[in-house]
Amino acid sequence: MIVEKAIKTQPMVIQLGPSHPAMHGTIKIVVELDGEVVTRADVEIGYLHRAFEKHCEEGTYFQAIPYTDRLNYVSPMICNFGYGMGVEKLLGIQVTERCEFIRLIMSEISRVSDHLTSVGASAMELGAMTAFLYMIKAREFFWELIEAACGARVTVAFVRIGGVKADLPEGFGEKARRAISEVRQTLKEVDGLLTKNPIFTDRMQGVGAITTADAVSYGFTGPLLRACGVNYDVRKYQPYHVYDRLNFDVPTGSNGDNYDRYLVRMQEIEQSLRLIEQALAKIPPGPINVDLEGRVMAASEMTDRGKLGDTQGLTDYRAFLSPNLQGMEKSRYQLNNTTDKNVALPPKESVYTSIEGLMNHFKLVMLGHGIRPPQGEVYSAVEGANGEFGFYMVSDGSDRPYRVHVRAPCFPLMAALHRMIEGGMVADIVPTFGSINMIGGELDR
Amino acid sequence: MTEIVITMGKIAFVLFCVFNLLYVLLWLERKQSAVMQDRIGANRADIFGLRAWGLFHPIADAIKMICKEDFMPAAADKFVYTAAPFLAVFFSLVGFAVIPFGDTLTLGGHTIHLQIADLNVGLLYVFAMLSLGVYGFILAGWASNNNFAFLGGMRAGSQMISYEITMGATVMGLVILFQTLSLNQMVQAQGEYFFGFIPKWGVLLQPLGFLLFLIAGIAETKRIPFDLPEGESEIIGYFVEYSGMKFGMFMMTDFIETILLSAMLTTLFFGGWQIPYLHADGFHLGGLRLAINPVLVSFLQVAAFGLKVFCFCWLLLLIRWTLPRFRYDQLMALGWKFMLPLSLLNLAITGLVVLL
């Protein structure tokens, strides 16, 4: 006490970021330090805000697809599929089974590469550069798979409303199995380097912890919530794609600290590899885009079947309207017309060589034409690498979305970041921040 | 007059070796980490199309650093800011003055001790220089007038103090055993044998002391896992405001201290320039004798010393690329609650054994 009177001290304020090596250039944390202890932290976000949601309102439904790549740029496929599923839900389309499998495989490949990056980066932020590069090497195998499937590594734009851009290339299954065994090998190496390393466990255990109650009330999802012991996973609780037909476990932790997050992510990688293997074994042949050309019924018949409650598979049909407009004055037929489900883009061969194909393409993608989902709103969620990745969409019946909102899994995590770092050491800010796996693209949108 | 020439020659030789080893280490750090991480590593710098496995990269580094803008923050303390890197390099280099790199060499009637200065308190001198070296880092952190640099400088200061105590307490065991503070006499004492054939090296006399000294030594060199003053992903370090060759000098200091630590480990624990069974007139083992020219013996001894130092440098690089970094409080806990008691225990046991 005497010392406190004799020496006048004052807290030191340092600004971590935005140009700080660990802050990705997109975050600023104003930290008040008492020696090395963080007494107060103020997390500032928004450096990567680029009005994704507003952009979506300005273009057609198709035009938003490339933007969704930039949401979570470490696992862009998952965001792609989340958006595609939302529009399909608005339209009431059921995509083909093969397409569901392809989407599942690509989602899981993206999830693995995201987790590899995240775990590797948190190791690097503790100074373990070698573990990071091992992870990046493993990720490279999976990015090659993504490249093989869609031609790009990051800006994939793989989804099409009602399908995917392309079928899996030849020999994809073989290549994927090889990549999986390589990744398993790398995981074993990194596991040996980190999991039982006393320096690593000392740095991770009990650091950045948050209670289960706090995590739930902040709205955590994904690995951080599961590290707290809650086994919520969109893939289990609201199965989409074909997750309900494959076996996988939802790993959970108990302490909600950085170490449990690391363990959960490592186990999730293994579960995702399992899913990919099962899906590759079970993937059926067939079309990858919905093709409603061959499934047309008269509007009156569709209405009649609907009235009888015989709706089985009805959404897979397109209403055929009489060209002489007979009976078109009936409002329910017009309703059928607005639910035109012909969304699949014609193949490029046809677009470039025939006038019909070209017109078909233009009618689908041109501003003012395009696809017009019926009025309504939907929320569709996928399990992103960081948690529940939701798209809330409102359609006013025009060819552009009235409103698109993204529920980014990072957002609640970043809201709680100051709770995790206050009271800790300044050196713990970086690994805790790394364990959140903040992705500027989805956070700031 | 001849004495001065000989001493100058020895200084030039040691500096030549240290700087060349520094050059190799800069290259090795890149190449070895690349091998460990399944990368190819630096191989782009070339001279007239000759790439030589990236051996020219340190030259490219030096050119880059010398040509870069020498930036100084407006609010920095100009004199201290400039002096800090010089202090750091100077004190790490002068430590080599008492390291014996060979026995005596008789050349043209002159007997040359292969050691720049055989101080009778050589060990204390090295520790003193290492302690003074930390001023470079603290002053750099303070003079930059940057909170990150300041934190780095403070960390450097507290880390040096904590680990120097362990280091000092550890080598006291050796001092008790060898009854001397002179590094040369310590090396000569390590030329003896247990049972006539096991070399009496420090590492066999003080295995625990060796481990403690190694760990404390890595902490002294401020490399991963003890690179808290730098902590590049957290606080960037005491040199955050330095650019160009001033930054380069801090980087050099790290490597020179690595070499100095390796030299100390070799001298104290691995027999210095001693090659087992090699004496001034050749190899002796039991009844076997192999006569060797004394000049060649000196050469072999110097080469053996260099090889040992290089092996330790390599080991230190290996550790640096494998482990993550400690946290400040964990570092202090390790230093004060684990290493210091162990080194005192080591000292107590050594004392008891010697007394009995």
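Quick caveat, the model's predicted, so the values are computed rather than measured. In the text below, chain A, chain B and the rest are named by the order of the sequence lines, each starting its count at 1.
- Annotation: Tyr135(B), atom OH; neighbour count of heavy atoms from other residues, nucleotides and ligands within 6.0 Å does not exceed 12.
- The candidate with the highest count of non-hydrogen atom pairs below 4.5 Å against chain B, out of Asn197(A), Leu193(A), Leu33(A), is Asn197(A).
- Of the options Ile14(A), Val31(A), Val13(A), a side chain to side chain contact (heavy atoms under 4.5 Å, CB included) to Asn147(B) is made by Ile14(A) and by none of the others.
- Atom CG in Leu323(B) sits 11.5 Å away from atom CG in Leu126(A) (nearest 0.5 Å).
- For Phe200(A), the parts lying under 4.5 angstrom from a heavy atom of chain B are both the backbone and the side chain.
- The neighbour count for Arg30(B) CZ, taken as heavy atoms of other residues, nucleotides or ligands under 6.0 Å away, is above 12.
- Between chain B and the options Gln15(A), Met124(A), Met129(A), His20(A), the largest number of non-hydrogen pairs under 4.5 Å is found for His20(A).
- Residue contact with chain A, scored on non-hydrogen atoms closer than 4.5 Å, is absent for Asp227(B).
- Summarising the local packing, CG of Leu345(B) is surrounded by more than 12 heavy atoms from other residues, nucleotides or ligands at distances under 6.0 Å.
- No donor-acceptor pair under 3.5 Å is formed between the side chain of Thr130(A) and the backbone N or O of Thr322(B).
- Using a cutoff of 4.0 Å between basic side-chain nitrogens and carboxylate oxygens, Glu36(A) and Arg155(B) are scored as salt-bridged.
- Proximity of Lys137(A) to Gln37(B): side-chain heavy atoms (C-beta onward) are nowhere separated by under 4.5 Å.
- With respect to chain A, the highest number of heavy-atom pairs below 4.5 Å among Arg39(B), Met154(B), Arg320(B) belongs to Arg39(B).
- Contacts of Gln330(B) with chain A are made by side-chain atoms alone, with heavy-atom separations under 4.5 Å and no backbone atom involved.
- Between Phe150(B) and Met12(A) the shortest heavy-atom distance is CD2-CE, 3.2 Å.
- Here Arg203(A) is the residue among Met425(A), Arg203(A), Glu125(A) with the most heavy-atom pairs under 4.5 Å with chain B.
- Shown here is Phe56(B), whose CZ atom has more than 12 heavy atoms of other residues, nucleotides or ligands within 6.0 Å.
- In this structure, CG in Asp38(B) is found 7.0 Å from CD in Glu189(A), a value given to the nearest 0.5 Å.
- More than 12 non-hydrogen atoms from other residues, nucleotides or ligands lie less than 6.0 angstrom from CZ of Phe210(B).
- Using a 4.0 Å cut-off between a side-chain N of Lys or Arg and a carboxylate O of Asp or Glu, Arg327(B) and Asp428(A) qualify as a salt bridge.
- Other residues, nucleotides and ligands place more than 12 heavy atoms under 6.0 Å from the NZ atom of Lys78(B).
- Both the backbone and the side chain of Asp202(A) come within less than 4.5 Å of a heavy atom in chain B.
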